[in-house]
Amino acid sequence: MSDTPKSSRLLRQFSAFVGVGALSTALDYAVFFLAFQLLGLAPVGAALIGYGAGGVLNYVLNRAHVFKTERAHRAAFMRFLAVMGVGFLLTGYAMRVFTEGLDLAPLFARILTYGVVLIFNFTAHRFFTFGSKPRP
């Protein structure tokens with residue numbers, strides 16, 4: 001067992017998750033921006049396409065760098081897809097509330113939506129997808 005306190009390991013794991021999330025979010029937002037601004041897709045549809053693109057990168061990086069797991073790729077990926085499905089619904093709902101209900105600018109609404117989904121994703125991936133503990 002490691003001499004590092006559990007809270008310190010958890011903080012490092014969350015920080016790594018946020019770092020991976022930043023990269024995934026950059027891809028997500030770039031795809032959203034291109035789909036919305038250049039292709040003219042509706043904000044909700046563009047956000048969901050971006051979410052899917054960022055999600056694939058997120059799985060690969062989280063599995064390799066954040067969550068220590070012995071769960072097989074197939075099992076972990078199926079669970080990841082389930083969490084992504086909930087995140088997908090949360091993304092769509094939040095975007096609709098922010099853009100249609102609160103009449104916020106779509107680009108700003110997308111940034112707020114990331115905050116809505118962050119804690120859910122970390123908790124779900126840590127306990128459900130990867131069944132992991134913080135890396136030592």
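Start at 1 with the first residue, then count along the sequence. If you're wondering where the values come from, they're calculated on a predicted model, not measured in any experiment. Note: hydrogens, waters and symmetry copies are ignored here, and every other heavy atom, side chains too, is used.
Val66 has its side chain out of reach of Leu61: every pair of non-hydrogen atoms, C-beta onward, lies at least 4.5 Å apart. Looking at heavy atoms from C-beta onward, Phe17 lies in side-chain contact with Phe67 at the 4.5 angstrom threshold. Contact of the Tyr59 side chain with the Leu81 side chain is not registered, since no non-hydrogen atoms from C-beta on lie closer than 4.5 Å. Using a 4.5 Å heavy-atom threshold, the side chains of Val116 and Tyr93 count as separate. Between Tyr114 and Thr91, the closest side-chain pair of non-hydrogen atoms is not below 4.5 Å.
Closest non-hydrogen pair, Phe120 versus Gly87, comes out as CE2-N, 4.0 Å. Nearest heavy atom pair, residue Phe14 against residue Leu118, reads CZ-CD2, 4.4 Å. Here the shortest heavy-atom pairing between Thr99 and Ala109 reads CG2-CB, 3.7 Å. Taking each heavy atom of Leu57 and Leu23 in turn, the nearest pair found is CD2-O, 3.9 Å. Considering all non-hydrogen atoms of both residues, Pro106 and Phe32 come closest at O-CZ, 3.9 Å. The two residues Ala53 and Val31 have their closest heavy-atom pair at CB-CG2, 4.0 Å.
Phe130 and Val60 fall within a single hydrophobic cluster, where Ile, Leu, Val, Met, Phe, Trp and Tyr are joined by side-chain heavy atoms under 4.5 Å apart, directly or via other members. Cluster annotation: Leu11 is not connected to Ile119 through the hydrophobic network of ILVMFWY side chains, with a link wherever side-chain heavy atoms come within less than 4.5 Å. Cluster annotation: Val83 and Val56 are assigned to distinct hydrophobic clusters (Ile/Leu/Val/Met/Phe/Trp/Tyr, side-chain heavy-atom contacts under 4.5 Å, transitive). Criterion: ILVMFWY side-chain heavy atoms under 4.5 Å apart, direct or through other members. Under it, Ile111 and Phe33 are part of a common hydrophobic cluster. Grouping the Ile, Leu, Val, Met, Phe, Trp and Tyr side chains by contacts below 4.5 angstrom, directly or via other members, places Leu38 apart from Leu27.
Note that Arg79 lies outside the cation-pi zone of Phe77, set by a 6.0 Å cut-off to the ring centre and a 45° limit from the axis.
Applying the side chain to side chain donor-acceptor pair (under 3.5 Å) test between Ser24 and each of Asn121, Asn58, Asn62 identifies Asn58 as the sole match.
We find the NE2-OG1 distance between His125 and Thr69 to be 12.5 Å, quoted to the nearest 0.5 Å. Residue Arg110 holds its CZ atom at 6.5 Å from CE of Met95, rounded to the nearest 0.5 Å. From Phe122, atom CZ reaches atom CD of Gln13 across 4.5 Å, with rounding to the nearest 0.5 Å. For the atom pair CG (Leu34) and CG (Leu41), the distance works out to 10.5 Å, reported to the nearest 0.5 Å. Here the CD atom belonging to Gln37 is positioned 5.5 Å from the CG atom belonging to Leu107, to the nearest 0.5 angstrom. To the nearest 0.5 Å, the span separating OH on Tyr29 from OG1 on Thr113 amounts to 10.0 Å.
The main-chain N or O of Gly101 is never found under 3.5 Å from a side-chain atom of Arg96 such that the two would form a donor-acceptor pair.
Legend: residues meeting side chain to side chain contact (heavy atoms under 4.5 Å, CB included) with Leu89, ordered by chain and number and at least two apart, are absent.
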